[in-house]
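In what follows, chains carry the letters A, B, and so on, assigned in the order in which the sequence lines appear, proteins first and then strands, with residues in each chain numbered from 1.
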Amino acid sequence: MNATQPITAADGTPLKKKLAQAMFRSKLRAAGLVAPLLAFVLASFIFPIFALMWQGVHNNTFERLMPNLTEELRVWDGLSEPTEEMYTLLVADLRQNRADKTIGRVASRVNQELAGTRSLFTSTARKAAKLEPPYRDALIKTKKKWGEIKVWQAMKLTNQSLTPGFYATSLDAVYTVDQGFIMKEEKRQIYTKLFIRTLMISGSVMLLCLLLGYPVAYLLATLPLKYSNLLMIMVLLPFWTSLLVRTTAWIAILQSQGVVNDILVWVGIAADDSRFSLIYNMTGTIIAMTHILLPFMILPLYSVMKTIPPSYMRAARSLGATPTRAFIKVYVPQTIPGMGAGGLLVFILAIGYYITPALVGGQDGQLISNMIAYHMQKSLNWSLAAALGGILLGGVLILYWAYDRIIGIDNMKLG
Amino acid sequence: MLDGSDPFVCFRNVQKSYDGETLVVKNLNLEIESGEFVTMLGPSGSGKTTCLMMLAGFETATHGEIELGGKPINNIPPHKRGIGMVFQNYALFPHMTVAENLTFPLKVRGMSSGEIDEKVGRALDMVQMRFFADRKPAQLSGGQQQRIALARALVFEPELVLMDEPLGALDKQLREHMQYEIKHIHENLGVTVVYVTHDQSEALTMSNRIAVFDDGVIQQLADPVTLYEKPENAFVAQFIGENNTLAGTVTSLSGGVASVTLDSGDAVKALAINTDGKGSATQLSVRPERCVVTPKKKAGLSSLKGRIEELIYLGDHIRCRMTVAGNDEFIVKVPNTADQLGLQIGAEPYVGWQTDDCRALDVKDA
Ligand SMILES: Nc1ncnc2c1ncn2[C@@H]1O[C@H](COP(=O)(O)OP(=O)(O)OP(=O)(O)O)[C@@H](O)[C@H]1O
Ligand SMILES: [Mg+2]
């Protein structure tokens, strides 16, 4: 037989083509079955994520609402004195925005670049109709700030729709016209500190979950069925209770007049006037989150431990290892896939946790997600929220990548 | 060490119950000499693994004493017993390489790395697996894993090695090959081996002595020849090799020979091995290869008329299924010789055997 000749089916068509024809119908059906879900995921997840990520680097509010000035700002070098021409166009745009009632949006956008400029825009816009040329002098007369170059630089930056500014802010830097990125001074850094705190709290929660969950998973996997079923129900019970109910239960338990403190006072560990503050701080966040995320550690661990036959431990002991040594050298290494899966799951869930820290976190128990929520709901700086979220997403992806390098994703067992 | 008279391993009146209701092992007495290869053979659920686990220390005896080297070991934990063990699924540690698996028992014993290397090398050579030292168990075939498990159980030079159906997962050819390897290793090292299997040919090939288990009781403990030639009860006769049974009643006993009237009415003689005396029901056992088919009654043989139901040509012999005294599963192996009579389905020749080859045993309730 000729090796280079493609193999053909009985009717002479190449076998590959024949196979593709035969597979086509079943492929079509498979595609039909997944299509609704795919459409749903695309519409409700993939598309919003990309839209949000886009917002993190793109904000055209200024460019859109200040059409006259925009061209002039773009060619301006950002250092020389603004020309009369630029002032004239500014007044025209302010009048238009005043009429369209959109001046608030412009003001907020510039205010994001340079704090304290909101009222400059709104109040000037109110008076814009009455201004007479030459506009430069007229504007500076109404508000002295119009003569300052940094206001114009801020406008030049906001005029740039595609901007790294929000990411810079997310990392406690400022993006300037002339000097590029500059780190903020130490005491004005908030986001990097918050990111580090988020990582530390998530790490602590993960370690606590591992420490508390490992023995439970071990019992689940080794106890006789009738006991392990009961234990499993107890592990799953929290899943059947509302997250809010569980979190508020922690408030009842941990607050300074709560159960734990009452007992501590009663036993004499704490004095009545110096009760421990266990909630509305980082401690509260860690305790409540550990409790809520514990099942996500236990279940992957359990599913791995379940598959480890008892003969390994027996073999180790018959070879002369003490029970402890057999456990550490033979049992624990085999549970690494479970620890990895549980750890990664808990860590990733913890990094993005929102409700619990919001309720029991107080000041120093807030996570980055609470800040994202703040910018989404209160300050309405969606672009900054998107940038913060983007950094979070990037961090998770890097973690995932590192995990894959160190332990291997296919080594992960979730169930 | 031991002096010659003391058994190396000794079960004394051992009983075991898991649930407090049924005895899985009933009054086990077993003595094993140093260097012996003893096999526990029996059907599934007869308590073989349980006995092995009690010896290894993973199960505690509910009653009775187990001694090792003259010392009771009931209260010694498994890791201090120094017993090598090969598990049915090999139980090679999946996260360690072959070499690390073998190193494990030596490291636990705190040996120097030079000593460890030498012993591991020697153990790997013994099973011809030196080349595979750096592989993970998952990268080995079943037979190779089996060898490593064997090497690991032997590397720390235990005096006693337990094997629980170590060849159960291998295909027939490999299993037979490994049987010889294990036998040779046993002969070369002189270790004592307690081996569990439910494959009778495996037991017959390898063992010095075989303990036939059924229902938590040792039915017979003997060397392979005795076990095959002189089964002491109907269970052993049935379980080991092929066997023809004929039910009847003892009519008289004299000098170890019983006269038995079969249920079909024929009278025959048999060795009285395990009967309850005159008038009791009995089951006669005759091996197929000890029967001859003759056209006429032959002097000196117990002969019964039979009818040929089926003939299977097997080359060296012809397997002949007959109805004899109401038993239509009566098998005779007729040697393939030149003078073989024209066997024919439906023919009615006589089947005969010597009294010495026919054993009157207890009635095994089915
Ligand atoms: N851990 C246990 N708990 C309760 N009963 C058990 C346990 N282990 C074994 N048994 C019971 O004890 C009896 C003997 O079991 P054992 O494992 O010793 O049989 P075996 O002879 O090794 O059988 P096999 O050839 O199938 O391996 C069985 O009826 C089994 O159900
Ligand atoms: Mg068994």
Just wondering, are more than 12 heavy atoms of other shown residues or ligands nearer than 6.0 Å to CZ in B/R12?
no
Which answer fits A/R325, side chain, backbone, both or neither, if we ask what part of it has an atom under 4.5 Å from a heavy atom of chain B?
side chain
Ignoring hydrogens, what is the shortest heavy-atom contact between A/V330 and B/H95? Give both atom names and the distance.
O-CE1, 3.5 Å
Heavy-atom contact with chain B under 4.5 Å, split by part of A/P310
neither
Could you give the distance from NE2 (B/H79) to CZ (A/R314), rounded to the nearest 0.5 Å?
15.5 Å
Is there a donor-acceptor contact under 3.5 Å from the side chain of B/R152 to the main chain of A/L319?
no
Side chain, backbone, both or neither of B/K80 within contact of chain A (heavy atoms, under 4.5 Å):
neither
Counting only non-hydrogen atoms closer than 4.5 Å, can you tell me which residues of residues 200-209 of chain A sit against chain B?
none
For B/F93 and A/Y312, the nearest pair of non-hydrogen atoms, with its separation, is CE2-O, 3.4 Å
In the structure I gave you, are the side-chain heavy atoms of A/P333 and B/M96 within less than 4.5 Å of one another anywhere?
no
Heavy-atom distance under 4.5 Å to chain A: side chain of B/F156, backbone, both or neither?
side chain
Is the OH atom of B/Y18 crowded by more than 12 outside heavy atoms at less than 6.0 Å?
yes
At a 4.5 Å cut-off on heavy atoms, which part of B/R81 comes close to chain A: side chain, backbone, both, or neither?
neither
Carboxylate-amine/guanidinium proximity below 4.0 Å for A/K329 and B/E100:
no
Under a 4.5 Å heavy-atom cut-off, does chain A meet the side chain of B/L92, its backbone, both or neither?
backbone
In Å and rounded to the nearest 0.5 Å, what is the CD1 to OG distance from B/I83 to A/S318?
9.0 Å
